[in-house]
Amino acid sequence: MLAMALAAIDGTIVSTAIPQIVGDLGGFSVFSWLFSGYLLAVTVTLPVYGKLSDTFGRKPVLVVGMVVFLGGSLLCAAAWNMAALIAFRVLQGLGGGALQGTVQTVAADLYPLKERPKIQAKLSTVWAVSAVAGPALGGMLAGYADWRWIFLVNLPIGAVALWLVIRHLREPQRARAARPRVDWPGALAIFACGGLLLTALVQGGVAWPWLSAPSAAFFAGSALCAAATVAIERRATEPIIPGWVWRRRTISAVNLSLGALGLLMIAPTVFLPTYAQSVLGLGPVAAGFVLSVMTLSWPISSALSSRVYTRTGFRDCALIGMGCAALVLLAFPLLPYRGAAWQPALLMLALGAALGLFQLPLIIAVQSSVGWSERGTATASILFCRQVGQSVGAALFGAVANATLAGRLADAPAAIRPGLPDDLDSVAHALSHPAALTARATDYLRHAVSTTVDHVYLGAGCAALVALLTLVLLAPRRFPIRTEEEN
């Protein structure tokens with residue numbers, strides 16, 4: 001759990017310290033790579049670490065990942081300019097990929113099927129607490145100490161986690177090949193394919209227009225690398241992403257549905273804070289609370305999900321959860337304009353409860369359907385698809401938001417059109433400092449933001465329906481579960 005906390009909190013702790021980091025190191029035009037670089041490294045390494053943990057065991061992979069992560073943290077604290085900090089954040093991400101996937105796999109190894117909901121709920125709680133505590137801790141360290149402490153604080157926590165893992169994690173002896181083979185060409189092809197695709201999704205519409213030469217080049221490069229990856233993996237003796245990941249209905253259905261989950265999660269995590277501040281007029285802390293209530297109900301629902309899926313089955317429990325989530329997402333546009341803060345907060349509380357019934361049963365089902373030698377790969381494939389879904393969602397819903405807002409601003413009355421901001425970030429900034437706007441312009445911009453977020457939530461509701469259809473059409477009614485003796 002300590003190792004998981006390191007990876008979880010590092011995804012959010014930097015966000016509130018950006019002004020101090022940019023003020024010290026410069027590089028305002030590229031600071032977004034502090035997040036993008038970390039996300040890229042974590043995502044593209046997940047399948048590789050999953051296969052390595054199946055080949056060499058969980059403990060070596062977890063220890064190496066923690067050492068790399070802590071080394072990256074130390075180098076981040078010593079960074080002398082923005083380019084160095086971005087490079088060291090990528091190094092952190094290379095270690096973070098090992099932590100995310102391997103901890104989930106270790107939990108499935110250590111606990112039998114009946115106890116997995118409890119430990120997975122605790123791991124979900126780690127993510128929930130990190131999502132809330134990360135920005136607050138980052139802001140406090142940057143404001144009252146120095147932004148470099150954001151990375152130095154990882155060292156004592158990581159040292160304790162590393163000592164506990166080395167001393168207490170005992171893996172049973174299992175038969176392995178005399179000379180295990182690692183598909184390094186396949187690993188490099190996956191790195192290249194994932195890196196190019198995620199760069200195109202993360203930077204498209206931000207660093208360059210979607211319809212531009214850089215976007216075309218990155219997407220074309222990712223397609224070529226994908227073709228090369230398939231060719232390499234088909235010939236490999238021990239492929240990084242084996243064909244059975246997609247041939248087995250259970251795993252392929254869960255992978256696709258969790259990809260849809262990653263996509264729909266962009267609506268609350270990215271756009272709800274903007275809605276709370278720009279439309280409802282809340283401060284940053286209150287806006288964060290509106291979102292954080294989802295992280296309170298999610299682990300509770302996850303812990304109780306075993307009472308549902310033991311009666312209905314894994315698939316039907318997930319269908320109940322995602323069906324409720326779809327209703328919540330589609331209900332968001334029905335909220336009254338400039339309503340009370342408790343209204344979206346109540347919806348997010350319900351959304352967290354619904355998604356707890358959806359995600360955890362599917363993860364446990366996949367981990368329980370494979371043996372020890374396949375569990376790391378299967379778990380990593382789930383997390384990889386969810387991460388890719390988040391990147392696709394950020395790009396897709398970002399385009400939806402920009403198109404909606406551009407249309408609203410183009411239709412603005414001529415009397416207030418001069419001086420109006422032209423993108424979502426500028427609109428949000430203008431509404432946080434409304435003194436420069438007339439009352440009519442302020443109200444129009446709030447309406448525009450409200451409509452924009454409504455459209456994003458409708459898109460998220462459609463993603464939830466895609467997840468439902470995927471499970472209904474692809475997933476078996478009863479997932480195949482291996483007994484403890486078979487593992």
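From a predicted model like this one, the values you see are computed outputs, not experimental measurements. Count residues from 1 along the sequence. Note: hydrogens, waters and symmetry copies are ignored here, and every other heavy atom, side chains too, is used.
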Under the side chain to side chain contact (heavy atoms under 4.5 Å, CB included) criterion, do Leu75 and Phe151 qualify, and how do the steps go? CA-CA 9 Å; Leu75 290 172; Phe151 304 104; over 6 Å; no
Show every donor-acceptor pair shorter than 3.5 Å between a side-chain atom in residues 339-363 and any protein atom, with sequence neighbours excluded, or say none if there are none.
unit_1	atom_1	unit_2	atom_2	d
Gln343	OE1	Ala340	N	3.1
Gln359	OE1	Arg386	NH1	2.8

Any non-hydrogen side-chain atom of [X] less than 4.5 Å from a side-chain atom of [Y]?
| X | Y | result |
| --- | --- | --- |
| Phe332 | Val456 | no |
| Cys76 | Arg89 | yes |
| Val400 | Phe271 | no |
| Asp24 | Arg148 | yes |
| Leu256 | Cys385 | no |
| Phe397 | Leu263 | yes |

Separation between CG of Leu197 and CZ of Phe219, rounded to the nearest 0.5 Å: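 Between atom CG of Leu197 and atom CZ of Phe219 there are 6.5 Å.
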How close do Tyr444 and Arg408 get, counting heavy atoms only, and between which atoms?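 In terms of heavy atoms, the two residues are closest at OH-O, 2.5 Å.
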Strictly distance-based, threshold 3.5 Å: is any side-chain N or O of [X] a donor or acceptor partner for the main-chain N or O of [Y]?
| X | Y | value |
| --- | --- | --- |
| Ser257 | Val254 | yes |
| Ser305 | Ser302 | yes |
| Ser301 | Trp298 | no |
| Asn81 | Ala84 | yes |
| Thr45 | Ala41 | yes |
| Thr102 | Leu99 | no |
| Thr199 | Gly195 | yes |
| Tyr49 | Leu94 | yes |
| Thr229 | Cys225 | yes |

Mind telling me whether Phe69 and Tyr38 have parallel, tilted or perpendicular rings, with 30° and 60° as the class edges?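 Tyr38 and Phe69: perpendicular rings.
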Could you go step by step and tell me if Val366 and Thr379 meet the side chain to side chain contact (heavy atoms under 4.5 Å, CB included) rule? CA-CA 7 Å; Val366 167; Thr379 302; 5.9 Å; no
Step by step, would you call Met322 with Leu264 a side chain to side chain contact (heavy atoms under 4.5 Å, CB included)? CA-CA 11 Å; Met322 187 52 74; Leu264 71 86; 3.9 Å; yes
If you look only at pairs with a residue in residues 448-473, which of them pass as a salt bridge (Lys or Arg N to Asp or Glu O under 4.0 Å), with sequence neighbours excluded?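 Residue pairs with at least one partner in residues 448-473: there are none.
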Aromatic centroids of Phe479 and Tyr309 separated by under 6.0 Å: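 Centroid separation for Tyr309 and Phe479: 6.0 Å or greater.
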Derivation and outcome, side chain to side chain contact (heavy atoms under 4.5 Å, CB included), residues Phe384 and Val245: CA-CA 12 Å; Phe384 176 77; Val245 168; over 6 Å; no
